[in-house]
Amino acid sequence: MDAKSKKKIQRSWMMYDFGNSAFATTIMAAVLPVYYSTVAASGLDDHLATSYWGYSQSISVLIVAILAPILGAISDFSAAKKKFLRFFSFMGIIASILMIFISEGDYLLASLLFIVGSIGFSGGNIFYDGFLPEIAEKEEMDRVSSGGFAYGYIGGGILLAINVMMILNPSWFGIADTEWATRISLASVGIWWLIFTIPLLKNIKEEKKEKVERTKSYVSIGFSRVGNTFREMKQFKQLIIFLIAFWLYNDGISTIIRMATVYGSEIGIGQNDLIIALLITQFVGIPFTFFFGWLAVKITAKKALFITLYVYLGIVIIGYFMSTALHFYILAIIVGMVQGGAQSLSRSIFGRMIPTGKHAEFFGFYGISSKFAAVIGPFMFAIIGQLTGNSRLGILSLVFFFIIGIILLKFVDIDKGIEEAQRASNKNEEVKIRPQ
């Protein structure tokens with residue numbers, strides 16, 4: 001592949017993040033949580049609305065966690081990452097567009113569409129991530145991975161800015177009231193996501209694989225490959241330690257992303273302040289995501305990742321004492337400084353330590369580690385809030401996830417992990433060429 005074609009494919013890959021990140025910003029983080037709490041779940045006590053939102057989060061990620069390794073294994077066997085990416089993307093796109101029908105008291109419909117949309121969003125990302133080692137060399141991964149997250153901040157931020165203007169000034173757009181502006185904003189995510197998925201589907205190509213005769217269903221193959229991958233993982237000691245560390249600290253990160261606005265709403269921060277603060281997070285995140293990609297080259301990706309996690313630890317502690325809109329704005333800025341860096345560096349570190357030809361399968365495990373973890377955080381947040389009638393102790397419980405994750409990450413030797421992956425790749429090649 002020539003340099004020009006390679007850059008075009010990498011840009012197309014990044015543009016998918018530009019489009020689908022609108023789901024993470026408008027639906028997952030900013031607009032739907034507040035709309036869910038104030039409109040869809042109107043009539044419920046505030047702490048119950050927060051808890052039901054937390055349960056919706058947990059159900060969605062649990063389903064994806066169960067599917068992730070199976071889908072990854074199937075896509076590697078069939079060379080069908082692109083097909084699965086298309087399927088899950090359209091699932092999320094359609095669910096987002098249908099959110100225009102969520103009205104007062106429709107919290108069950110809101111939860112259902114959110115769960116379906118989240119499955120599409122997270123399922124699609126498994127196959128999207130699986131393309132990273134195919135479109136970037138190991139020495140490019142920090143840059144390309146960081147670029148994808150930066151594009152995501154830009155795309156998600158632009159649409160969120162438009163949606164904020166619609167919600168604050170519906171008459172400017174010829175919309176009757178704030179509720180309808182919010183419903184249209186939710187539906188706009190699906191249209192935005194669709195438009196910026198087209199370049200990736202048009203330009204990306206699967207790695208060519210030797211055709212293997214299939215004698216079993218893809219589901220059977222998927223379960224079989226998952227079992228094989230579990231057994232194979234034993235030879236990747238560094239990768240296992242990293243996955244467990246990631247499982248823990250990413251639980252804290254994802255819970256903050258998913259629960260921040262509904263938590264802020266419960267403690268009395270206004271809807272407009274919540275949404276504007278998260279918009280600030282998006283645009284602060286753009287330069288800092290590039291910054292951490294640059295910093296990883298200067299001091300190593302692992303050291304740069306440690307910086308982001310220590311900052312997150314402080315965010316959780318400050319969040320416990322948060323009581324005013326100013327506090328929320330300050331935390332939103334700090335989160336924007338480290339969120340993209342933590343996620344992109346984690347993805348690129350993992351991408352270095354997986355063997356050739358196992359990209360989607362191992363990124364399926366990367367997905368399952370993060371998704372199973374993401375079940376626990378929102379569930380803990382929800383159950384503590386429901387039992388105590390207050391969610392402040394829920395936010396404080398996230399300290400545990402960051403501390404243990406940081407400790408485990410100290411034991412990860414990335415260079416050894418790369419060597420383990422290379423040995424496995426060489427062994428696989430020897431098996432392929434050995435005379436039968």
Side-chain angles (χ1 to χ4, degrees), residues 12-17 19-21 23-24 28 57 59-93 95 115-136 141 144-145 148-149 152 193 197 200-201 204-207 209 218-219 221-223 225-226 228-230 232-233 239 242-243 246-247 250-251 253-254 257-258 343-344 346-355 357-375:
S12 298
W13 185 82
M14 294 176 188
M15 288 307 295
Y16 179 80
D17 220 328
N20 87 329
S21 288
F23 186 90
M28 195 176 286
Q57 297 279 355
I59 290 169
S60 66
V61 293
L62 178 61
I63 293 170
V64 173
I66 293 169
L67 289 175
I70 299 167
L71 294 174
I74 293 171
S75 76
D76 270 339
F77 181 88
S78 62
K81 287 193 293 294
K82 186 173 179 179
K83 291 180 181 178
F84 280 103
L85 175 61
R86 183 188 298 116
F87 174 81
F88 281 101
S89 297
F90 276 85
M91 179 187 294
I93 288 165
I115 289 168
V116 173
S118 294
I119 292 169
F121 174 76
S122 300
N125 278 343
I126 291 169
F127 303 102
Y128 169 74
D129 288 344
F131 276 113
L132 177 59
E134 296 182 15
I135 67 168
M141 281 192 188
V144 177
S145 182
F149 275 101
W193 186 351
T197 297
L200 180 63
L201 296 180
I204 200 80
K205 291 180 174 60
E206 297 276 356
E207 282 187 336
K209 294 178 182 272
Y218 278 137
V219 174
I221 292 168
F223 276 108
R225 289 286 295 274
V226 168
N228 290 337
T229 305
F230 270 119
E232 288 180 22
M233 290 285 284
L239 189 64
F242 175 77
L243 277 173
F246 175 74
W247 186 85
N250 190 66
D251 189 10
I253 294 172
S254 63
I257 294 170
R258 293 167 181 270
Q343 293 174 321
S344 64
S346 297
R347 182 169 64 184
S348 63
I349 289 171
F350 181 82
R352 287 194 187 95
M353 295 191 290
I354 58 178
K358 299 280 188 177
H359 298 153
E361 187 172 335
F362 273 71
F363 266 110
F365 277 94
Y366 183 77
I368 196 173
S369 66
S370 62
K371 299 305 180 292
F372 266 125
V375 172

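If you read the sequence from its start, that first residue is 1, and numbering goes on from there. Atoms considered below: every heavy atom in the structure, side chains included; atoms not considered: hydrogens, waters and symmetry mates.
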Q: State which residues pass side chain to side chain donor-acceptor pair (under 3.5 Å) with Thr197; sequence neighbours excluded, sorted by chain then number.
A: none

Q.
Among residues at least two apart in sequence or on other chains, which ones pass side-chain contact (heavy atoms from CB on, under 4.5 Å) with Ile119?
A. Ile63, Val64, Phe88, Met91, Ile115

Q.
Applying side-chain contact (heavy atoms from CB on, under 4.5 Å), can you list everything that pairs with Ala24, at least two apart in sequence or on another chain?
A. Phe121

Q: Might you point out which heavy atoms bring Val144 and Met14 nearest each other, and give the distance in Å?
A: O-CE, 3.8 Å

Q. Measuring from Phe131:CZ to Ile204:CD1, what's the distance to the nearest 0.5 Å?
A. 5.0 Å

**Q.** Qualifying residues under ring-ring contact (aromatic ring centres under 6.0 Å, His included), relative to Phe149, sequence neighbours excluded
**A.** none

Q: Find the distance between CZ (Phe90) and CZ (Arg86) and round it off to the nearest 0.5 Å.
A: 7.5 Å

(Q) Let's go through Phe23 and Ile93 carefully: what are the C-alpha distance in whole Å and the side-chain angles of both, what is the deciding distance for side chain to side chain contact (heavy atoms under 4.5 Å, CB included) to 0.1 Å, and is it a yes or a no? (A) CA-CA 9 Å; Phe23 186 90; Ile93 288 165; over 6 Å; no

(Q) Once you measure the plane-to-plane angle for Tyr128 and Tyr16, does it fall in the parallel (<30°), tilted (30-60°) or perpendicular (>60°) bin? (A) tilted

Q. Is there side-chain contact between Phe127 and Lys82, with heavy atoms separated by less than 4.5 Å?
A. no

Q. Does a side-chain heavy-atom distance below 4.5 Å link Ile354 with Pro133?
A. yes

Q | From Ser122 atom OG to Met28 atom CE, the distance as rounded to the nearest 0.5 Å | A | 5.5 Å

Q.
Asp17: which residues meet the salt bridge (charged side-chain N to carboxylate O under 4.0 Å, His left out) condition with it, sequence neighbours left out?
A. none

Q: Compare every heavy atom of Met141 with every heavy atom of Arg352, then report the nearest pair and how far apart it is.
A: N-SD, 4.1 Å

Q | Partner residues of Arg347 under the side chain to side chain donor-acceptor pair (under 3.5 Å) criterion, sequence neighbours left out | A | Asp129, Ser145

Q | Closest contact, heavy atoms only, Leu200 versus Ser12 | A | CB-O, 3.7 Å

